[in-house]
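Every chain is numbered from 1, with letters handed out A, B, ... down the list of sequences.
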Protein chains: 2
Amino acid sequence: MPNLTGQDEREEISHAIPYPTIRRMPAYHRYLKGLQSDGLAMVSCTRIAESLDLEPIQVRKDLAMTGTVGRPRIGYPVDALIGAIETVLGWDRWSEAFLVGAGNLGSAILGYRAFKAIGLNIVAAFDIDPRRVGKMIHDVPVLAMEKLANLARRMKIRIGVITVPAEAAEDAAKALVRGGIEAIWNFSPLALTGLHVGKDVIIENVSLASSLAVLIRRLGQTKAAQP
Amino acid sequence: MPNLTGQDEREEISHAIPYPTIRRMPAYHRYLKGLQSDGLAMVSCTRIAESLDLEPIQVRKDLAMTGTVGRPRIGYPVDALIGAIETVLGWDRWSEAFLVGAGNLGSAILGYRAFKAIGLNIVAAFDIDPRRVGKMIHDVPVLAMEKLANLARRMKIRIGVITVPAEAAEDAAKALVRGGIEAIWNFSPLALTGLHVGKDVIIENVSLASSLAVLIRRLGQTKAAQP
């Protein structure tokens with residue numbers, strides 16, 4: 001349940017798959033890939049639910065959204081279900097992205113090979129620090145911020161990843177939007193809103209502070225409950 | 001709204017501050033600190049709501065949970081509100097933590113100075129790779145996994161941060177729990193559940209894959225809506 005921005009769940013577009021379902025899809029995918037490599041062809045809803053600590057009814061509803069139907073006493077075909085989830089998540093094709101902020105966090109994200117498996121291909125990084133410009137980080141070139149907008153438009157990049165400190169986040173977001181970027185994945189501690197970049201830009205704020213706040217709060221409650 | 005695990009919101013302990021409110025608190029804090037450094041003494045609910053793109057009624061409810069009350073036509077006292085939020089979030093004291101996995105992501109998190117400002121102090125890192133053991137990363141020592149459990153018990157560490165690959169996450173979690181750790185902040189792609197570590201352990205899964213899945217899905221819907 002960690003809701004990393006603290007905003008309420010978005011209104012969903014009618015007939016679209018609900019976002020909570022989308023959020024659970026990567027866990028289903030990971031689990032099914034494990035079964036696949038163990039050579040399993042079919043899996044029951046109950047088994048998936050138990051392994052992922054979810055309710056069976058929830059699993060059945062979620063998986064129905066992919067168009068793959070389980071059969072009573074037989075279950076779901078593992079290969080077909082993996083393919084259906086990859087289609088739903090867009091993992092069957094890569095989305096190219098630019099990253100702004102080639103510091104510690106940016107470097108870690110550039111080196112996080114797992115992103116390529118889940119559809120994100122960061123093709124260039126940008127930084128205001130001239131000492132970083134010109135370097136390669138995990139095979140991705142670091143370029144000067146001035147080049148961002150032109151290059152983004154030329155390459156038709158639609159996704160921007162922000163890994164700068166809070167005080168630089170708004171400028172980074174605006175630079176991305178000037179380049180025609182339509183969606184921002186924001187790792188900076190500043191929660192970006194439509195006020196910063198316009199209402200049309202899709203924003204996913206990954207607020208680590210919110211996640212940590214809940215963890216520490218829950219820990220405090222445990223302590224209080226066990227004097 | 002990004003809910004990074006895709007599970008349903010936890011049941012709240014009665015009389016506790018709701019988790020969605022806790023998740024919004026870091027954003028209020030960041031905004032108020034900005035006002036404070038601009039020398040502002042009072043701020044209205046409406047202004048906070050506008051700046052953070054929230055509903056005023058939501059802001060009023062959230063801030064009431066801190067025990068600080070706004071006065072009509074005058075607003076909230078900025079300094080007092082900051083202090084009240086820090087108390088609610090436990091940011092007025094540090095929680096010491098151990099980190100498992102001193103690779104790219106682990107190093108980035110060790111170098112992320114912002115965590116210290118929000119109550120987390122990572123005092124040691126652990127890794128199975130002997131080439132990493134013995135090093136210092138951002139002034140934090142990297143130690144051998146075998147030392148974790150004993151040291152955690154001796155230092156009464158309660159929080160563990162996991163930054164290992166998916167296939168190593170369960171082992172890392174179990175090692176932390178053997179050391180008496182009560183809460184796990186999990187950055188690995190494997191969503192940990194009570195099945196891995198026991199129902200008593202508090203788990204916050206930061207599922208970047210879920211967050212990215214929603215971003216890419218929303219982008220796809222925009223494209224579909226604008227043929």
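- Only the side chain of A:Ile216 comes within contact range of chain B, judged by heavy atoms closer than 4.5 Å.
- Of the two parts of B:Ile109, neither the backbone nor the side chain holds a non-hydrogen atom closer than 4.5 Å to a non-hydrogen atom of chain A.
- In this structure, the side chain of A:Arg218 engages the main chain of B:Ile203 through a donor-acceptor pair within 3.5 Å.
- Taking CG from A:Leu212 and CG from B:Leu120, the interatomic distance works out to 5.0 Å, rounded to the nearest 0.5 Å.
- From B:Ser211, atom OG reaches atom CG of A:Asn186 across 10.0 Å, with rounding to the nearest 0.5 Å.
- Interface remark: B:His29 contributes no atoms to any contact with chain A (heavy atom separation under 4.5 Å).
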- request: Just do the side chain to side chain contact (heavy atoms under 4.5 Å, CB included) check on A:Trp185 and B:Val214 with the steps written out, would you?
  value: CA-CA 10 Å; A:Trp185 202 19; B:Val214 169; over 6 Å; no

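- With a 6.0 Å radius and a threshold of 12 heavy atoms from other residues, nucleotides or ligands, A:Asp139 has its CG atom at or below the threshold.
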message: Quick one, B:Ile159 with A:Leu215, criterion side chain to side chain contact (heavy atoms under 4.5 Å, CB included). Give me CA distance, side-chain angles, the key distance, then yes/no.
response: CA-CA 9 Å; B:Ile159 299 177; A:Leu215 184 88; 3.8 Å; yes

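- For chain B, no part of A:Thr21 is nearby; none of its heavy atoms comes within less than 4.5 Å.
- Top candidate by heavy-atom pairs under 4.5 Å with chain A, chosen from B:Ser51, B:Ser107, B:Ala108, is B:Ala108.
- For chain B, no part of A:His196 is nearby; none of its heavy atoms comes within less than 4.5 Å.
- Neither the backbone nor the side chain of A:Tyr31 comes within contact range of chain B; no heavy atom of the residue lies under 4.5 Å from a heavy atom of that chain.
- Neither the backbone nor the side chain of A:Leu110 has a heavy atom closer than 4.5 Å to any heavy atom of chain B.
- Residues satisfying the salt bridge (Lys or Arg N to Asp or Glu O under 4.0 Å) criterion with B:Glu170, sequence neighbours excluded, are B:Lys174.
- Only the backbone of A:Glu50 comes within contact range of chain B, judged by heavy atoms closer than 4.5 Å.
- Note that CG of B:Leu219 is 4.0 Å distant from CZ of A:Arg158, once rounded to the nearest 0.5 Å.
- At least one donor-acceptor pair under 3.5 Å links the side chain of A:Arg217 to the backbone N or O of B:Val88.
- Atom CZ of residue A:Arg24 and atom OG of residue B:Ser207 lie 12.0 Å apart, to the nearest 0.5 angstrom.
- With respect to chain B, the highest number of heavy-atom pairs below 4.5 Å among A:Ala213, A:Pro189, A:Ser95 belongs to A:Pro189.
- Scanning for salt bridge (Lys or Arg N to Asp or Glu O under 4.0 Å) contacts around A:Lys199 gives B:Asp53, with sequence neighbours left out.
- Of the inter-residue distances, the one linking A:Leu89 atom CG with B:Ser210 atom OG reads 9.0 Å to the nearest 0.5 angstrom.
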